[in-house]
Number of protein chains: 2
Amino acid sequence: MPPREIRNMDEFAAVSGISRPTVSKYFHNPDSVRQSTRARIEAAIEQYDYRPNIFAMNQNRKLTKNVGIVVPLLADPYFAEIARNLEQRCIVAGYSPTLFSAHGDPEQEVAVLNNLRALKPAGVLLAPLGRASDTDVLAKFCEDVPTLIFDSSVAELGIAFVGSDNQQFTAHITDYLCRTGEPPCFFEMKNPANPNAHRRRHAYLAAMEKFGHSPHVISVAGEGWGFEEIGRVGGHDAFARNLFPTNTILCSNDRLAIGLLTASYERGITVGRGDGSTVRIAGQDGHPHSRYTCPPLTTISHDYDAVSKHAADTLFAAIEGNAERWQSTRIEGRLILRDSA
Amino acid sequence: MPPREIRNMDEFAAVSGISRPTVSKYFHNPDSVRQSTRARIEAAIEQYDYRPNIFAMNQNRKLTKNVGIVVPLLADPYFAEIARNLEQRCIVAGYSPTLFSAHGDPEQEVAVLNNLRALKPAGVLLAPLGRASDTDVLAKFCEDVPTLIFDSSVAELGIAFVGSDNQQFTAHITDYLCRTGEPPCFFEMKNPANPNAHRRRHAYLAAMEKFGHSPHVISVAGEGWGFEEIGRVGGHDAFARNLFPTNTILCSNDRLAIGLLTASYERGITVGRGDGSTVRIAGQDGHPHSRYTCPPLTTISHDYDAVSKHAADTLFAAIEGNAERWQSTRIEGRLILRDSA
DNA sequence: ATAAAAAATTTACGCGCGTAAATTAGCGGT
DNA sequence: ACCGCTAATTTACGCGCGTAAATTTTTTAT
C-alpha cells in the first residue's frame, strides 16, 4: 500500500526528506552518500517503491550502467550457459546486462553492434562469430566502446581477451587417448567458423609429434553453425570412404562429435571404450549436452565459471578506470571421462 | 565521410531541410509523412548517418517501440529457437526486441518482469515458468503491460494465449504408436514445471481409452528444469523396478526422452523400432536436438513458425489498437518419424 | 570547543526529443 | 482559377533527470 504514487525524483526526494541531487547521487552510487542518508533513502524506496526513469537517467549520463553481452549463437547451449553466467555477474556488480545473439549471421552481428552503440553501454562482453566477423566493424566498435572479447580471439582487439586454453585442451585429451588405446585421428570442419578450431588442430599435430605418433586429420566440408549436421554428414562420408585410419577419433568440438555419434549409430558402428566397441570418439568443450549422448561423451570441458569470472572482472576493472595493457588469458580445461572414449 | 557530425534532431532537421516535428513524426512512423518528404529525410539519414537518441525518444513517448521477449530457460534450445524466431518478427515489424530469461527460477522471473516495466514496453511476449510462476505478479504485470502469453498458459492472463495443441500432440503420437506396435505407457515428471505436461497426460489417458487400451503412467520424481537428468535417473529407477509394462514408452517431452535414452544405453537396453530392439521410445516437442540422439528420436514437433507468427501478429495487432477478446489458440504439431519408435 | 573537511542543500540550467496549437504551404479536383 | 483538404512549419512547453556552482549543514579531527 504505497501512501501515494511517486511520479519522479523530485517527489521522491520530498517524501524521503533528502534533496534531489543527493538522491540522484545515491542512485548513481549508493556508497557515495553518508550511511545515515543511504538508510533514509532506502527506507523511502521500500515504502514508496520508487525507481528512477532509466531513459531520463541514461540520457545525460556520459557513462551508463548498461553492459552488452553478445554471443554468436544463443541456440547453442554452450553460449547460453556462459551468457547466463556473465549476466549474473553483471547484476551482482550493479550493472544492467542486455543479451544479444548474432544467430550465426555476420550481418546480424554488425546490426547487434550498431544497436548496442545506441545503448551507450559502459562496456561490452563480446564473443565474436570469428572468421565470419567483419573485422573492421569489430575494430571500430572496440575503439568506441570498452569491449572485452571472450571465447574466440580476433586480433588484439578490445581491452583484453579471455578464453580457454585450446592448446592445453587438445594436448591433454590427445595424451589421454594415446595412453589408453590407439592414437587418435582428428575430425574437424574444413572451414571452421571459429579460430579456436585452428589452434586445436595445431595442438593435435604437435601433441602427436611429441608422443611419436603420426597425426591424421579428417577435414569435412560444411559451412555455418549447424555443427551436428556437418559432423553427421561428414561422418557418414568419412566412414563410407574409410577415411579413419585408427579406431580413435578426436573431434574438434562436442557438437561435431554429437553428429559423428549419430552417423556412427546410423551405420551400426558401436562407439565406446569397452571391448565390444568398434571406435572411440571424444569431443572438446564440455558441452551441456555431452553427458546425455549415447554413449556419454568423453570430452575436455571449459571452466565456465573461471572464464566468465575473469572476463567479467576484467571488464569491470576497465570500466572503473583500472585499465591494464591488452592481455590474453587462456584458462585450462578439465578432462571428463565418460564411456565414448 | 559525413560532412559534419550531427548531434541532435534539430541539426538533422536543419541539414535535411525539414522541420524537426516532421522529422520526429517520420521516426515515429515513416509512412505518416508525404512520400517526397520521406525520401528527403532518408537521403539525409544516408548521408549523415543520423539516428535519434533512443533514451530521449522513449522518455516522453507514452508508447515506446520496445518489446520484451521472456522465456523460462534460454539454455533450452527449444526456447532459444522460438525466441530467435520472435525476435526476427519484432525487428521486421519495426519493434525493438529485448530478450530475457528466468533461468528456471521464479524469483528471477519476477525480477525480469520488474526490469521490463522500466523499459515501458509497448508489449511483451511471455512464456511463463508455469507452475512455479508467481501468479499474482504475472496477473498484475499483465494488467499494466500488453502481454501475450505463449508456450504455457496461466489462467486467462494477458491479451491472448498462443501455444501448441498438446491434446492433439499426444493423441496423434499415441495413435501412431498404437498402430505400429504395442500401446505405449507414459513417462513423465511427477511434479512437472509446465502445465502442458498435465494436458499431455490427460490426452494420453483419453487416447488410450478411445483406442480400447489400458493406460499406464510412470511418474518420476525430480524438481526443476534439469529434465534430461530427471529422465535419466528416473529411467534407471523405472527399469530397475520393472515399471514399464509395455515395450513402448511415450515421454512427456523430448528432454525427458533424451535422458531416458541415456539411461537405456547405460543399462544396455536397445532402443528402436527394428526387430533387434527391446523398447521403443518417443518424445514430444520436436526439440532441436532430437534429430541427433541415438537412435534419432521419434517425436511430434511444435510448429515453431506458426506459433511464433501467430503470437507476434496477435501482440502487434493489440498494440496497434486492434484488440480482441482474450482468446486461446493452440496449433497442431507434426509427427516426425525417426528410428527410436 | 573550534577549525577543517566532508556531505548535503539550493539554485539553476541543459539534454534530446515528444507533442500540442495555430499557421502556412502544397495538392488534387472541378 | 478557385476551393477544400492534407501535410508541413512555427512556436512553445514539458519530460525526468544529470550536473555544476555556491552555500549551508554536519561530521571529524585537533
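Reminder, nothing fancy here: chain letters follow the sequence lines and each chain counts from 1. All values below were derived from every heavy atom in this structure, side-chain atoms included, with hydrogens, water molecules and symmetry-related copies excluded.
The distance from atom CZ of A:Arg40 to atom P of C:dT9 is 7 Å, rounded to the nearest whole Å. The distance between atom CZ of B:Arg34 and atom C1' of C:dC27, rounded to the nearest whole Å, is 7 Å. To the nearest angstrom, C1' of C:dG28 lies 17 Å from CD of B:Gln35. Atom CZ of A:Arg38 is separated from atom C1' of D:dT27 by 19 Å (rounded to the nearest Å).
Taking A:Asp136 as the reference, nothing meets the salt bridge (charged side-chain N to carboxylate O under 4.0 Å, His left out) condition, with sequence neighbours excluded. Scored by the salt bridge (charged side-chain N to carboxylate O under 4.0 Å, His left out) test, B:Arg51 finds no partners at all (sequence neighbours excluded). Residues satisfying the salt bridge (charged side-chain N to carboxylate O under 4.0 Å, His left out) test with B:Arg38, not counting sequence neighbours, are B:Asp31, B:Glu42. The side-chain hydrogen bond (donor to acceptor under 3.5 Å, both in side chains) search around B:Thr147 returns none, not counting sequence neighbours. For A:Arg84, the side-chain hydrogen bond (donor to acceptor under 3.5 Å, both in side chains) criterion is met by A:Glu81, not counting sequence neighbours.
Here A:Ser19 reaches the OP1 or OP2 of C:dT9: one of its side-chain N or O atoms lies under 4.0 Å away. One finds a side-chain N or O of A:Thr37 lying less than 4.0 angstrom from the OP1 or OP2 phosphate oxygen of C:dA8.
A donor-acceptor contact shorter than 3.5 Å is absent between the side chain of B:Arg20 and the backbone of B:Ala13.
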Tabulate atom names and distances for all N/O pairs under 3.5 angstrom spanning the protein and nucleotides 11-20 of chain C.
unit_1: C:dA12; atom_1: N6; unit_2: A:Arg20; atom_2: NH2; d: 3.4
unit_1: C:dG14; atom_1: N2; unit_2: A:Asn60; atom_2: ND2; d: 3.0
unit_1: C:dC15; atom_1: O2; unit_2: A:Asn60; atom_2: OD1; d: 2.9
unit_1: C:dC15; atom_1: O2; unit_2: A:Asn60; atom_2: ND2; d: 2.9
unit_1: C:dG16; atom_1: O4'; unit_2: A:Gln59; atom_2: NE2; d: 3.2
unit_1: C:dG16; atom_1: N2; unit_2: B:Gln59; atom_2: OE1; d: 3.3
unit_1: C:dG16; atom_1: N2; unit_2: B:Asn60; atom_2: ND2; d: 3.3
unit_1: C:dG16; atom_1: N3; unit_2: A:Gln59; atom_2: NE2; d: 3.0
unit_1: C:dC17; atom_1: OP1; unit_2: B:Tyr50; atom_2: OH; d: 2.5
unit_1: C:dC17; atom_1: OP1; unit_2: B:Asn53; atom_2: N; d: 2.9
unit_1: C:dC17; atom_1: OP2; unit_2: B:Met9; atom_2: N; d: 2.3
unit_1: C:dC17; atom_1: OP2; unit_2: B:Tyr50; atom_2: OH; d: 3.3
unit_1: C:dC17; atom_1: O2; unit_2: B:Asn60; atom_2: ND2; d: 3.4
unit_1: C:dG18; atom_1: OP2; unit_2: B:Ser24; atom_2: OG; d: 2.4
unit_1: C:dG18; atom_1: N7; unit_2: B:Arg20; atom_2: NH1; d: 3.3
unit_1: C:dG18; atom_1: O6; unit_2: B:Arg20; atom_2: NH2; d: 2.9
unit_1: C:dT19; atom_1: O4; unit_2: B:Arg20; atom_2: NH2; d: 3.4

